[in-house]
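Working notes, structure below.
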Amino acid sequence: MIEIYPSYYERFRCIADRCEDTCCAGWEIDIDDDTYERYMRVGGDLGARLRACTKVYEGTDDGYEEVYEQHGFVLTEDLRCPFLDENNLCDIYRELGEDALCEVCTHTPRNYLEYMVSDRMPDTPDSDDATHPVREISLSASCPEAARLIYGSPERISFVKKEVPDEESITDREEGEPDEEEAELGAFLKNVRDEAIRMLQDREYSLTDRIRIFLKHSEAVQEAINRWEAGGAENLRLHAVSREEKEPMEKSDGEAVYRHFLIRMGTFSGLASIGKGWKDKVEGLFQSFVGEEEENQRFRERYLEASDNLLNYLTENNRLYEYEHLLVYYAFLLLNRSIDDYDYLGKAKLVVLSYLMNRDMDAAVFLQKGVLTREDRQENARLYAREVEHAEENLADLAEEILFERAYDAESLVSVI
C-alpha cells in the first residue's frame, strides 16, 4: 500500500487539556463493534458507567443519518462525551489506556481515504496491469493544533509518499478481486489531483488566476470522467490546460460580486449548525454585510471595501500563502473522493466556495478589528472545517446546491473571485 499525507502530519501531536477546544464534544461519538464488546466486559465503576452511557443507533430513511456503527455514547446535555472530565481529559484513557479508545477517538482529527490504483498507463500497452491500494491521510483543520500546522508556514505544502504493509489497511475489501475500472479511475484521479495542487501552488500566477486555472482544469477532468463513464474512451485521458485558458480574466462588477456573496450566505447559513461558534460567525457576517433591501448599496460598498482591504493587508504582510494552503488543503481532502460518485467538478467547486466563505469570514473580522491575526485566520478555518467536514447532512446539502444553483457554475465562480 502507498500512503500519502502532507508533511506536517508527522509533526502532529494531540495537546489534550491544553487545547482551546475539544474533539470530544459537539457531535456523535460512534463505538466500533470490537471496542463495544471490550467495553461491555469492563468491570467496576467504569464498566457500569460504560454500560449506562452507551446507546444503540436506529437507522433512518432520510438519506442523511446513515448508521456506520451500531453503538455510540449518550452525550451530556451540553453535547459532551460523558467520559470527558472538567479538564477535557478522558476517563477511559486514564483508567484503561490509549489502546482502549474506540476507533473514532483514536483516529480523530485524521481523515482517511483508501482506493485502488492501476499501474497500467494509458497508451502504453506493455505496462504492468497490477493494481495496488493507496491510503491518503489528512488532518482536519477543525482541530486547533492541526490548523496551526496547516497555516503556520509560508512554505508550499509538500506531501510524503511511502510504502506501508497492506495488512495495515483500515478499510479492507470484504471479498473479490480489485475492480480494474475503479483502479483505472483511481490512478487518473491521483494524477490529475496532484496536477491541480501544483496549479494552486504556482506562485508565478496571482492567487485569482490560479483558482481560475484550477476550475478550468477541473472542468476538463470532469469531461474526461464523463466520456470514460459513458464508454466513449478506452482509457481516461485529459487535454492540457491551454495558454489561452491561463490568460487573466476580468472580474465581474461589484453588484454581481455582492449578489454572489448573498447567495453564498443563503447556502451556508442554511446548514445544520455544529456548535454555537458557527451560529455566532454567521450572525456576525449578516450584521457586517447584510442589511434591509433599501440599505443594500451601503452594505455592498462595505463588503467590497472590506474584502479589498483584507486582500491588500494580507498581500502587504506576505500572508496570501494562507489562502493557498486553504485551497491545497481542501483539494487534497475532497477531490479524490469523487472515486465514489464521479463528481470531481462538484468537489472542485466546493474547494473554491470554501476559499470564498473563509475569505468572507476573514473580511468581517478585518472590518471589526482593522487587522487579521494568524490566530483569527486559524479560528475561522477551524469553525468552517467543523461545520462542513463533519456532518453528512451538510455535505449532501452543499453538493445539491452546487449541482443546481447557477451561481455555482464554474464560469460564475471564476467571475467573482
Side-chain angles (χ1 to χ4, degrees), residues 8 11 15 18-21 139-157 200-201 203 205-211 251 254 257-258 260-262 264-265 268-269 275-291 295 297-330 351-389 416-417:
Y8 55 73
R11 303 197 303 274
I15 60 175
R18 293 182 288 118
C19 185
E20 55 266 49
D21 194 11
L139 290 173
S140 176
S142 61
C143 166
E145 186 66 10
R148 281 187 280 270
L149 290 172
I150 294 166
Y151 297 102
S153 169
E155 299 299 320
R156 290 178 180 84
I157 293 175
L200 291 170
Q201 292 181 320
R203 296 179 183 178
Y205 293 90
S206 70
L207 187 66
T208 298
D209 285 341
R210 281 182 259 170
I211 298 172
K251 189 174 182 177
V257 171
Y258 182 67
H260 198 282
F261 162 73
L262 293 178
R264 282 200 304 279
M265 286 299 299
F268 283 92
S269 64
K276 187 174 182 294
W278 177 255
K279 286 184 178 179
D280 292 344
K281 186 61 62 172
V282 169
E283 183 179 334
L285 275 166
F286 273 104
Q287 291 175 351
S288 297
F289 300 130
V290 183
E295 299 177 300
Q297 182 175 351
R298 179 165 64 89
F299 278 90
R300 180 176 71 241
E301 291 174 357
R302 177 185 292 178
Y303 171 75
L304 295 172
E305 183 179 3
S307 299
D308 287 344
N309 288 343
L310 167 68
L311 292 177
N312 289 336
Y313 171 83
L314 293 175
T315 300
E316 292 169 1
N317 287 275
N318 298 315
R319 287 179 52 202
L320 273 182
Y321 72 84
E322 294 173 24
Y323 286 148
E324 174 192 300
H325 291 354
L326 184 147
L327 288 158
V328 170
Y329 166 82
Y330 279 109
V351 171
V352 177
L353 282 172
S354 298
Y355 158 70
L356 290 171
M357 196 62 192
N358 272 263
R359 194 183 70 184
D360 292 340
M361 294 159 69
D362 292 346
V365 173
F366 188 80
L367 176 69
Q368 179 184 9
K369 298 172 58 175
V371 296
L372 182 79
T373 67
R374 286 181 171 81
E375 291 73 22
D376 293 329
R377 168 87 289 278
Q378 291 162 13
E379 175 65 4
N380 283 342
R382 184 187 70 81
L383 288 173
Y384 179 86
R386 186 180 176 93
E387 180 70 13
V388 169
E389 296 173 27
V416 299
I417 296 169

* So which of Phe261, Phe286, Phe366 actually passes ring pair (Phe, Tyr, Trp, His ring centres under 6.0 Å) with Tyr303? -> Phe261

Gap separating the [atom1] atom of [X] from the [atom2] atom of [Y], nearest 0.5 angstrom:
X	Y	atom1	atom2	answer
Ile417	Arg210	CD1	CZ	12.0 Å
Leu285	Phe268	CG	CZ	11.0 Å
Leu314	Leu320	CG	CG	5.5 Å
Met357	Tyr384	CE	OH	8.0 Å
Glu322	Tyr151	CD	OH	8.5 Å
Asn309	Leu372	CG	CG	12.5 Å

Considering all heavy atoms of both residues, which atom of [X] and which atom of [Y] are nearest to each other, and what is their separation?
X	Y	value
Ser269	Val282	CB-CG1, 3.7 Å
Arg359	Val416	NH2-O, 4.0 Å
Ala146	Leu139	CB-CB, 3.9 Å
Asn358	Tyr323	O-OH, 4.4 Å

* To do: In plain terms, say whether Glu324 and Arg203 are close enough for a salt bridge, that is, a side-chain N and a carboxylate O under 4.0 Å apart.
  => yes

Contact between [X] and [Y] at the side-chain level, heavy atoms closer than 4.5 Å - yes or no?
X	Y	answer
Gln201	Leu327	no
Glu301	Tyr258	no
Ser140	Tyr329	yes
Glu305	Leu367	no
Arg386	Trp278	no
Asp360	Lys281	no

* **Ring centroid separation Tyr321 to His325 under 6.0 Å** =>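 Yes, ring centres under 6.0 Å apart.
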
* Test: Arg302 cationic atom under 6.0 Å from Phe299 six-membered ring centre, within 45° of axis ->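 That pair qualifies as a cation-pi contact.
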
* Side-chain (Arg377) to main-chain (Asp362) donor-acceptor, under 3.5 angstrom -> no

* Is the closest side-chain donor-acceptor distance between Thr373 and Asp376 under 3.5 Å? ->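 Asp376 and Thr373 do have a side-chain donor-acceptor pair below 3.5 Å.
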
* Residue pair Tyr330 / Glu389, side-chain donor-acceptor N/O under 3.5 Å -> yes

* To do: Check each of Leu326, Ile157, Leu207, Val328 against Leu200 using the side-chain contact (heavy atoms from CB on, under 4.5 Å) test, and report the only one that passes.
  =>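 By the side-chain contact (heavy atoms from CB on, under 4.5 Å) criterion, Leu200 pairs with just one of Leu326, Ile157, Leu207, Val328: Val328.
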
